Amino acid sequence: MSKLQTGIPGGYFLVNQIKENEAFFPEDLTDEHKMIQKSAQQFANKEVEAKYKEIENQNFEVVVGLMKKAGNLGLLAHSIPEQYGGLGLDKVSKGIVGEQIGRTGSYGVAHSNHTCIATLPITYFGTNEQKQKYLPKLASGEYIGAYCLTEPEAGSDAMSARTTAQLNEAKTHYLLNGTKIYITNAAFSDTFIVYAKIDGKQFTAFIVEKDFPGLKLGPEEKKMGIKGSSTRSVILEDCAVPVENLLGEVGRGHIIAFTVLNLGRFNLGSACVGASKYALKTTVAHIQERKQFGQALAEFGVSKEKVAKVTARIYAAESLQYRTSQLLESVLGDLDGGADQHQIIAGLSEYAMECAVCKVYGSETLNYLVDEGLQLHGGAGFISEYRIEQMYRDSRINRIFEGTNEINRLLLTGQFLKKSVKGYLPYEQAVKNAFHRLKQKQSITNKEKGLGLIQDIRAIYLVLVELARGKFGEQLETQQEVLMKLSDLAIHLYASESVVLRTRKSSDSEGDTSQKQMLTDTSLEEALNQVVLIVRQLEQELVENNPELRNEIFSTLLSYSFSNSINRNRNIAANIYEKGDYTC
């Protein structure tokens with residue numbers, strides 16, 4: 001497959017501007033990518049959809065059967081190297097499959113969990129023997145995997161885990177003791193990636209099989225949503241794990257746990273994009289059929305505005321997901337088959353900030369879609385006969401999965417500051433440029449308005465980060481309220497920049513890009529409103545003693561306006577109504 005070698009370091013979007021031809025978007029998909037997309041789409045629409053009710057009724061035999069069919073189609077093998085029975089496809093393909101499977105609800109949770117965090121620890125950190133033993137079976141669906149990190153006393157704070165591992169006297173097995181909770185796929189998994197502390201101190205990963213003596217499962221959890229995925233506790237009582245099943249290095253389990261979760265966050269963002277598109281399609285079909293006051297709900301102005309705004313949100317989420325997929329491929333594309341561990345760790349960690357954005361923005365996009373979708377369904381949306389009810393319940397977990405959105409927000413700006421202090425990003429020069437930009441009266445033509453807004457949001461973010469550093473110093477990490485709001489600015493920056501770059505790139509190669517331009521304007525208008533609100537919340541803490549700077553910040557933001565919003569959004573909705581589905 002063709003590659004776009006970016007050479008762009010993680011977090012670069014926070015300090016500098018790239019050009020549109022340096023970013024990858026859906027319009028850049030190759031024929032092979034489109035074939036994979038079609039295959040995954042057909043599987044989701046025909047195979048999984050036909051079993052919808054059985055899946056919701058927790059018929060796990062159906063879920064397992066579908067997983068094995070997915071394995072036969074290669075849909076479990078995209079991220080496993082060819083020499084271990086996989087397809088060795090790029091990270092763009094991983095995102096494509098994740099998006100298509102994401103529309104299937106709880107089946108998609110089981111599928112994505114298996115292909116990502118339950119398989120990739122072995123792919124990247126396993127010995128050759130471990131890979132030969134497990135990866136072909138995980139690729140085919142003969143084995144299904146689970147990931148065991150969370151404990152009753154260790155959720156977001158994974159390092160406080162209490163599960164222990166003790167080498168037996170014969171030095172042939174580690175005896176694991178502890179309980180892991182909320183484990184996806186537990187009821188039907190064959191392998192479990194389990195984290196335990198050797199001698200109660202050294203946090204280490206292990207590959208545990210379901211039949212190892214001492215492993216048992218708790219009862220199925222009664223959940224609000226994602227009912228078709230199994231969620232149980234995994235209880236380890238002197239569970240005997242052969243020494244050759246220790247994964248990675250002793251005391252380095254946290255490296256595996258946290259770096260692989262970056263890909264999990266990216267994968268979750270892709271799934272949320274797919275589910276968001278399905279929520280839009282489901283909602284549009286309903287409001288075009290349902291009538292009130294003598295006309296279809298779709299024809300009311302408020303319905304059109306809602307449809308336009310959620311479509312613009314999908315456009316942004318989709319844009320940043322594909323952009324990130326190629327960034328990941330640029331550092332991981334050649335590392336799957338047994339590269340140096342330091343390279344693997346560096347590659348998995350490089351775009352941690354971008355992956356955090358994928359997770360947060362994607363899950364909150366889906367939350368927005370199902371909420372507005374249910375509202376447009378009216379009372380019917382509260383009835384389980386309608387799919388939007390199930391989608392509403394299923395969506396809520398995504399803001400908790402793979403690290404809560406709060407944790408990911410704290411991670412984002414925290415990681416940025418760490419990379420900046422270490423000199424990996426040109427922070428000092430970027431801050432100087434940011435202060436200078438805010439003092440200048442920018443003259444932005446309508447054609448460059450989008451790019452100008454992006455550069456100004458970046459400048460404001462950098463200025464506020466520097467003010468926060470100056471005020472709080474080393475105590476900044478304890479100021480969670482400030483860090484999270486700064487990260488919100490960073491998230492809007494990455495999403496908005498992705499939209500602008502995609503539309504600019506399309507205008508150079510496509511014919512009619514009017515829908516893309518309208519979606520861009522609506523997306524930027526919504527982002528600008530949010531940025532103004534966030535800055536107002538931060539100004540009292542960071543800018544209250546500098547009225548001149550405050551005036552520069554707000555005069556910059558308020559210099560932007562997006563005209564003709566009502567007609568623009570009506571036109572966006574008309575295009576969606578005509579197709580009955582997401583279109584850009």
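Quick caveat, the model's predicted, so the values are computed rather than measured. The first residue of the sequence shown is numbered 1, and numbering continues consecutively from there.
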Fill in: Check: A70 main-chain N/O paired with H111 side-chain donor or acceptor under 3.5 Å
no
Fill in: Heavy-atom neighbours of K68 NZ exceed 12 at 6.0 Å
yes
Worksheet entry | Value rounded to 0.5 Å, distance of CD1 in I193 from CZ in F206 | 11.5 Å
Item to complete: Could you tell me whether the side chain of H33 reaches within less than 4.5 Å of the side chain of I96, counting heavy atoms only?
Response: yes
Fill in: Pair E209-K133, salt bridge (Lys or Arg N to Asp or Glu O under 4.0 Å): steps then yes or no
CA-CA 12 Å; E209 296 184 30; K133 180 177 180 179; 3.4 Å; yes
Worksheet item: Quick one: do the N128 and Y84 side chains pair a donor with an acceptor below 3.5 Å?
Response: yes
Worksheet entry | Given Y351, F13, Y12, the one that forms ring pair (Phe, Tyr, Trp, His ring centres under 6.0 Å) with Y494 | F13
Fill in: Distance-only side-chain donor-acceptor flag, S487 / T413, under 3.5 Å
yes
Fill in: Check ion pair R162-E151 (N to O, under 4.0 angstrom)
no
Worksheet item: How about Q202: does its CD atom have over 12 heavy atoms from other parts shown lying under 6.0 Å from it?
Response: yes
Worksheet item: Do the charged groups of E47 and K51 touch, with an N to O distance under 4.0 Å?
Response: no
Which donor-acceptor pairs under 3.5 Å do the side chains of residues 250-268 make with protein atoms, sequence neighbours left out?
unit_1: T259; atom_1: OG1; unit_2: I255; atom_2: O; d: 2.5
unit_1: N262; atom_1: ND2; unit_2: L348; atom_2: O; d: 2.9
unit_1: R265; atom_1: NE; unit_2: E402; atom_2: O; d: 2.8
unit_1: R265; atom_1: NE; unit_2: N408; atom_2: OD1; d: 3.1
unit_1: R265; atom_1: NH2; unit_2: E402; atom_2: O; d: 3.4

Worksheet item: Any donor-acceptor pair under 3.5 Å linking the side chain of K91 with the backbone of S330?
Response: no
Discussion item. Does any part of the side chain of Y361, heavy atoms only, come nearer than 4.5 Å to the side chain of R313, both counted from C-beta?
Written reply: yes
Worksheet, complete the sentence: dist I183:CD1 -> I181:CD1 (nearest 0.5 Å) comes out at 7.5 Å
Worksheet item: For Q132, does the CD atom sit with more than 12 other heavy atoms under 6.0 Å from it, leaving out its own atoms?
Response: yes
Item to complete: Taking the six-membered ring of Y52 (Phe, Tyr or Trp), confirm whether the NZ or CZ of R387 is under 6.0 Å from its centre and within 45° of its axis.
Response: yes
Worksheet item: Within the side chain of N57, is there an N or O that forms a donor-acceptor pair under 3.5 Å with the backbone of N59?
Response: no
Item to complete: Answer yes or no: is there an ion pair linking E27 with R502, defined by an N-O contact shorter than 4.0 Å?
Response: yes
Item to complete: May I ask you to decide if A110's main-chain N or O and N185's side chain share a donor-acceptor pair within less than 3.5 Å?
Response: yes
Discussion item. For G98, is there any backbone N or O sitting under 3.5 Å from a side-chain donor or acceptor partner on S270?
Written reply: no
Worksheet item: Is K419 reaching over with its side chain to a backbone N or O of G10, donor-acceptor style, under 3.5 angstrom?
Response: yes
Worksheet item: Quick one: CD1 on I198 to OG1 on T204, what's the gap to the nearest 0.5 Å?
Response: 3.5 Å
Worksheet item: Hey, what do you get for CD (Q130) to CG (L246), rounding to the nearest 0.5 Å?
Response: 8.0 Å
Worksheet item: With the threshold set at 4.0 Å, does a side-chain nitrogen-carboxylate oxygen contact exist between K94 and E329?
Response: no
Item to complete: Heavy atoms only: give me the nearest R323-A23 pair and the separation to one decimal.
Response: CG-CB, 4.4 Å
Worksheet item: Does H114 use its side chain to pair, donor to acceptor, with the backbone of L138 at less than 3.5 Å?
Response: yes
Fill in: Pair Q41, N45: side-chain N/O donor-acceptor within cut-off below 3.5 Å
no
Discussion item. Counting neighbours of CE on M159 that are heavy atoms of other residues, nucleotides or ligands and sit closer than 6.0 Å, is the number greater than 12?
Written reply: yes
Discussion item. Just by distance, no angles: are the side chains of Q166 and D199 close enough, under 3.5 Å, to form a donor-acceptor pair?
Written reply: yes
Worksheet entry | Residue of the set Y182, F192, Y195 for which ring pair (Phe, Tyr, Trp, His ring centres under 6.0 Å) holds with Y147 | Y195
Discussion item. Please check: side-chain N/O of K359 versus main-chain N/O of E354, any donor-acceptor pairing under 3.5 Å?
Written reply: no
Worksheet item: To the nearest 0.5 Å, what is the distance between CG (L89) and CD1 (I36)?
Response: 4.5 Å
Discussion item. Could you check whether any side-chain N or O of S233 sits under 3.5 Å from a backbone N or O of I235, counting only pairs where one atom can act as donor and the other as acceptor?
Written reply: no
Worksheet item: Below 6.0 angstrom between ring centroids: does that apply to Y424 and F416?
Response: no
Worksheet item: Between R409 and E364, is there a salt bridge with N-O shorter than 4.0 Å?
Response: yes
Discussion item. If we ignore hydrogens and angles and just use 3.5 Å, is the side chain of T115 paired with the main-chain N or O of S112 as donor and acceptor?
Written reply: yes
Worksheet item: Is there a donor-acceptor contact under 3.5 Å linking the side chains of S276 and Y582?
Response: no
